Structure formats: structure tokens, C-alpha cells
Amino acid sequence: MNYDIKDIKLAAKGKARIEWAENYMPVLRSIRTRFEKDKPLKGVKVSACLHVTSETANLMRTLKAGGADIRLCASNPLSTQDEIAASLVKDYGIQTFSIKGEDNATYYRHINQALDHRPNITMDDGADLVSTLHTKRQDLLKGIIGGTEETTTGVVRLKSMEASGTLAYPIIAVNDSQTKYMFDNRYGTGQSTIDGVIRATNYLIAGSTFVIAGYGWCGRGLAMRARGMGANVILTEIDAVKALEAVMDGFRVMPMAQAAKLGDIFVTVTGNLNVIRPEHFRSMKDGAVVANSGHFNVEIDIDGLKKIAKSVRATREFVEEYTLKSGRKVYILGQGRLINLAAAEGHPAMVMDMSFANQALGAEYMTSHHRSLGKKVHAIPAEIDRRIAQIKLGSMGIRVDALTPEQRKYMTSWEMGT
Ligand SMILES: NC(=O)c1ccc[n+]([C@@H]2O[C@H](COP(=O)([O-])OP(=O)(O)OC[C@H]3O[C@@H](n4cnc5c(N)ncnc54)[C@H](O)[C@@H]3O)[C@@H](O)[C@H]2O)c1
């Protein structure tokens, strides 16, 4: 078996955590039970590039139960949980290539090792595997029937590939399922980002001024949770509608240039580049804490910060202290990489249950429907999305009403008025 992980001896600890997460993933468990019987992925080779966490391990077990032959690598150099990687190899026979803290060269070597599998399906989170495949491993394209993509940034990149005619096979945008972005991005990122900031710094959120860049699905969740913990929350946006929504949700909204002077804690969740730049760092208060929870480490201009800093030193795990020429200090968390996975454990299993149900059912759908899907980014069919919500509700013991025949008719007709 091929693999590259930190230490196989960590497997026992990893297995216990995988089983713990499994307890809270009833939708994925029910899919695994059906997959064990039906084997919808029999003989399908999957190369997956995902955060190597306990929840991902349960997705890998589900795909394997369905008959898939899998190789897994990390979708971020800092997000791997080494004990999970060890258990995936030792206990579940999944060929895994990921080590927490790997450098960029190792990160891409691992992506290439996952691709050496000659996949039929790619499962990506951020589109680094897909872009490597389209630029450096084009020889593998002919074996591929389709793929799935987990996150907003990956979907943006794939849509750009589709628009330029570069995308060589169909991909399901798992992120665009309602049972994904409305829960994972909002409640998952909202909670786990705060968790990451607290674990890295032990900062008191109550009474702090908490600046969030981006009021998308992640930003909404984060703002809601920061306010719930007693922070004074400020939002920055570039979209007038989102900015207006933030205002009416009761948050202060202003440009980053103004917010930079007020914030104690800053978190970017925009999916965009250089949102916090040297001109902002220069006006920050002494001791400001700056983190990112967007997919890539490009939202904070750390290279720009280095140029205006007179010294840098590590102060705590995941915290680097930059002393500016003015003598003021700015603290960067997790090297600007997504802080919820760098310093905490990522999203809770309860929410990844739905995201990864979409991944598993997306892979099944792609296997049976790829011939009829064009080389585009596709949404998962609405009935699959609804079924996931129904199973999740059922697992929570919650029932909902059904339309009466009379209501169904009324909702699809126009004749009846006042
Ligand atoms: N940390 C995690 O575990 C996790 C989970 C899900 C998504 N993500 C990532 O988080 C990022 C955001 O995802 P989302 O689903 O919220 O996206 P989204 O598209 O719903 O929201 C992004 C928001 O940022 C705003 N924005 C863009 N540029 C900006 C700028 N310069 N200043 C201020 N605001 C700006 C946009 O107008 C938009 O409202 C993506 O990179 C996504 O891949 C991370």
C-alpha cells in the first residue's frame, strides 16, 4: 500500500476520533449501509483532495463501502489531522498522502501522488487537484468521467474554467447544494472559526470589536456567533446588497480602512485576494489579532506585512507576532490559512454529515449520469438535496407537514384569488 503520513503509530487515537465523528453523522451512515449492499461505485477509482479530518475519514469509509478504490491527499497544507491520516491507512486501508504543516512542494507532491492513481472521479476542495490535472497531468484526463467540488472558492475557479472552455469533464458543485452552503458554510464555519481563534489565542470575545470581511454564507454565520458571544461586530463588504443585509441584521458596516482602526480581532471570509493590506495594518491598534477563514491564504497580504515589519517571532502555536516600525504589534494566526482547520478541528461532524452526504451521493450520481452531463459545473439534483434534509430531520426526530391534495392544487394554479 502506498502512503505518506506523519506517523502510523498515531492510528489508535485517530480511530477513536473517527468513531466519535461517526456517531454524529447519521445521514452518511445510512448512505454507507445502502452503499455496502448496492456497491454503486464498484471499480471506480477516486482521487480525493479534502481536509484530512475525522469527518472526511467517514466519507472515505462510505465511498469504500460503495466499492470505490480511493487515494486521498490534503486540500490545505495545515488542515491535516495526522492521527486521522494514520488511522485511514492502518485501520481502513485508504492510501493517504498528507502531513500537517507540509511545505508547498510536499503539498503538490501529495496531490500528484493522489493523481498517480489514474482516477475516474476527482473529489476536490478548492480545485487545486483539478487545476494540477488540467495543467500538468493532462494525460490522465481521458480516464476521467467526472468530479465533485466541495467549496465556494473551488466552484468559482471551476466556473472560470468552464467559461474559458478549459474544463475537460463534468463536475458537481457540492457547495451549491442548499444542504451544504446553508449549514456547513454558515453554522460550520461560524462556530469553528471562533473555535480556531480562541484555541490559538485564548482571547475574550465578549466586549471585543470583531471585524469580519465578507457577509456571504461564512461571514453571516461568523457574525451571528461573534455577536452571540458579546462582541461588537463590524462587517466590510464590496457587494451593496450584502452590505445592506448586514446593516439590517444590525451590524455596523464600513470600509476596511475605517474598520482597521477600530478592530481587536479581524477575520477574512471573502474568497478574495489581499483584503487586509499594509495600509490597514499600519492603522491597526497595538495587539490586533488577524486571521483568515476563507479557502486560500491570500486574503491577508502577509508578504506586504513582512515588508513593513521590523521583526517577526512565533509567540504561541499558530500565532506570529509582527512588530511594525511604529512599535505596534500585529498577531497573524495560522499563517493566514483557514484558522478553523489550522488551530481547531474544522466543522463539527453534525454539519459535515450533510456536506459529505452530498459528496457521496454526488459521486454516485456522476457515476451513473456522466454520459448525459456536459463539461460544465452542475448543481446536485434538487431531489437529492431534499432527501438529505429529510434524512437529517428524521435523525433528529423532527417531522414536518405534507401538502394536502387541495394545497398542492392551489400552489400550482392561478384561478383562485380573493
Ligand atoms: N473555513 C472553512 O472551513 C470554509 C468553509 C466553507 C467555505 N470556505 C471558504 O470561505 C470563503 C467564503 O465562502 P462563502 O461561501 O461565504 O462565499 P460567499 O460568496 O457566500 O461570500 C463571500 C462574500 O465576500 C464578499 N467579498 C468579496 N471580496 C470582498 C472584499 N474585498 N472585501 C469585503 N468583502 C468581499 C462577497 O461580496 C461575498 O458577499 C471561500 O473562500 C470559501 O471557499 C471556508
Side-chain angles (χ1 to χ4, degrees), residues 49-53 55-56 74-76 78-79 124-128 149-159 173-178 180-197 211-225 234-247 249 251 253-260 263 266-277 279-280 291-301 333-334 336-349 351-352 354-356 358-359:
C49 178
L50 299 167
H51 301 300
V52 179
T53 64
E55 295 80 19
T56 300
S75 56
N76 186 290
L78 259 191
S79 64
D124 213 348
D125 185 345
D128 275 349
E149 167 55 51
E150 172 77 7
T151 196
T152 318
T153 286
V155 172
V156 168
R157 293 177 84 190
L158 293 171
K159 285 189 175 158
V174 164
N175 185 70
D176 293 357
S177 297
Q178 289 186 316
K180 199 279 182 182
Y181 67 81
M182 286 174 66
F183 302 90
D184 171 314
N185 301 29
R186 181 164 44 176
Y187 302 110
T189 311
Q191 175 172 311
S192 62
T193 299
I194 301 257
D195 186 15
V197 170
V211 178
I212 300 166
Y215 202 57
W217 287 102
C218 294
R220 287 179 183 110
L222 182 54
M224 194 195 300
R225 292 294 169 253
I234 296 175
L235 262 300
T236 74
E237 253 297 342
I238 45 99
D239 181 314
V241 176
K242 302 273 180 60
L244 194 56
E245 186 187 358
V247 170
D249 284 346
F251 298 109
V253 176
M254 61 186 76
M256 184 57 81
Q258 206 178 328
F266 295 79
V267 181
T268 51
V269 263
T270 68
N272 209 342
L273 171 87
N274 294 339
V275 176
I276 301 187
R277 302 181 291 273
E279 72 248 39
H280 303 130
N292 166 56
S293 212
H295 187 77
F296 286 121
N297 60 334
V298 296
E299 304 209 13
I300 305 168
D301 181 3
L333 307 191
R337 297 195 188 277
L338 15 77
I339 193 61
N340 61 330
L341 281 141
E345 293 171 51
H347 296 172
V351 87
M352 293 315 293
M354 291 185 283
S355 309
F356 285 164
N358 277 284
Q359 283 285 10

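A quick note: this is a predicted structure, and the numbers were derived from the prediction, not measured. Indexing begins at 1, ligand by ligand and atom by atom, following the structure's order. Just so it is clear, the values below take in all heavy atoms, side chains as well, and ignore hydrogens, waters and symmetry mates.
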Task: NZ/NE/NH1/NH2 to OD/OE distance under 4.0 Å, E245 and R220 - done: yes
- [ ] May I ask you to list the atoms of ligand 1 that are less than 4.0 angstrom from any heavy atom of T189?
- [x] 1 (N), 2 (C), 4 (C), 5 (C), 6 (C)
TODO: Decide whether an N or O pair under 3.5 Å exists between G294 and ligand 1.
DONE: no
Task: Nearest option to atom 37 (O) of ligand 1, as decided by whichever heavy atom of E150, E149, H347, E237 sits closest - done: E237
Task: Where ligand 1 meets T153 - atom numbers and elements under 4.0 angstrom, heavy-atom basis - done: 40 (C), 41 (O), 42 (C), 43 (O)
Task: Element-labelled atoms of ligand 1 that are located less than 4.0 Å from some non-hydrogen atom of K242 - done: 38 (C), 39 (O)
Task: K180, any N or O under 3.5 Å of ligand 1 N or O - done: no
Open item on the list: For the CZ atom of R225 and the CZ atom of R186, what is their distance to the nearest 0.5 Å?
Closed with: 9.5 Å
Task: Heavy-atom nearest neighbour in the protein, as seen from atom 28 (N) of ligand 1, with distance rounded to 0.1 Å - done: N272 ND2, 3.1 Å
Task: Distance in Å, L333 CG paired with I300 CD1, rounded so as to fall on 0.5 Å steps - done: 7.5 Å
Task: Atoms of ligand 1 close to G271 [distance to a heavy atom under 4.0 angstrom, numbered from 1] - done: 11 (C), 40 (C), 41 (O)
Open item on the list: Taking 4.0 angstrom as the limit and counting only heavy atoms of D239, give me the atoms of ligand 1 inside it, by number and element.
Closed with: 37 (O)
Task: Nitrogen or oxygen of N185 less than 3.5 angstrom from that of ligand 1 - done: yes
TODO: Classify the ring geometry between H51 and H295 as parallel (under 30°), tilted (30 to 60°) or perpendicular (over 60°).
DONE: tilted
Open item on the list: Does the residue W217 have a heavy-atom contact with ligand 1, meaning some pair of atoms that are separated by less than 4.0 Å?
Closed with: yes
Task: Closest protein heavy atom to atom 16 (O) of ligand 1, given as residue, atom name and distance to 0.1 Å - done: C218 N, 2.9 Å
Task: Protein contact of atom 2 (C) of ligand 1 - nearest heavy atom, named by residue and atom, plus distance - done: N340 ND2, 3.4 Å
Open item on the list: Please list the nearest protein heavy atom to atom 27 (C) of ligand 1 with its residue and the distance rounded to 0.1 Å.
Closed with: I238 CG1, 3.6 Å
Task: Protein contact to atom 22 (C) of ligand 1 [nearest heavy atom, distance to 0.1 Å] - done: T270 O, 3.6 Å
- [ ] Around atom 13 (O) of ligand 1, find the nearest protein heavy atom and jot down its residue, atom name and distance.
- [x] T152 OG1, 3.4 Å
Task: side-chain contact (heavy atoms from CB on, under 4.5 Å) evaluation trace for N76 with L341 - done: CA-CA 9 Å; N76 186 290; L341 281 141; over 6 Å; no
Task: Subset of ligand 1 atoms that lie under 4.0 Å from at least one heavy atom of T236 - done: 33 (C), 34 (N)
Open item on the list: Quick check on contacts: which atoms of ligand 1 are under 4.0 angstrom from a heavy atom of S293?
Closed with: 1 (N), 2 (C), 4 (C), 10 (O), 44 (C)
Task: N297 side chain vs R337 backbone, donor-acceptor pair below 3.5 Å - done: no
Task: N340: partners by side-chain contact (heavy atoms from CB on, under 4.5 Å), with sequence neighbours left out - done: S192, T193, S293, L338, H347
Task: Protein contact of atom 12 (C) of ligand 1 - nearest heavy atom, named by residue and atom, plus distance - done: V269 O, 3.5 Å
Open item on the list: Quick check for you: to the nearest 0.5 Å, what is the distance between T56 atom OG1 and L50 atom CG?
Closed with: 5.0 Å
TODO: Indicate whether the side chain of N175 and that of N185 have a donor and an acceptor atom separated by less than 3.5 Å.
DONE: yes
TODO: With Y215 as reference, evaluate D249, D239, T236 under the side-chain hydrogen bond (donor to acceptor under 3.5 Å, both in side chains) test and give the passing residue.
DONE: D249
Open item on the list: Just verifying a value: how many Å separate E237 CD and L244 CG, rounded to the nearest 0.5 Å?
Closed with: 11.0 Å
Open item on the list: Please give me the minimum heavy-atom distance between A343 and G196, naming the atom from each residue.
Closed with: CB-O, 3.6 Å
Open item on the list: For the 3.5 Å polar cut-off, considering only N or O atoms, please tell me whether T151 and ligand 1 meet it.
Closed with: yes
TODO: May I ask you to identify the nearest protein heavy atom to atom 21 (O) of ligand 1, giving residue, atom name and distance to one decimal place in Å?
DONE: G216 CA, 3.1 Å
- [ ] Give the intermediate values and the outcome of salt bridge (Lys or Arg N to Asp or Glu O under 4.0 Å) for residues D176 and K159.
- [x] CA-CA 12 Å; D176 293 357; K159 285 189 175 158; 3.4 Å; yes
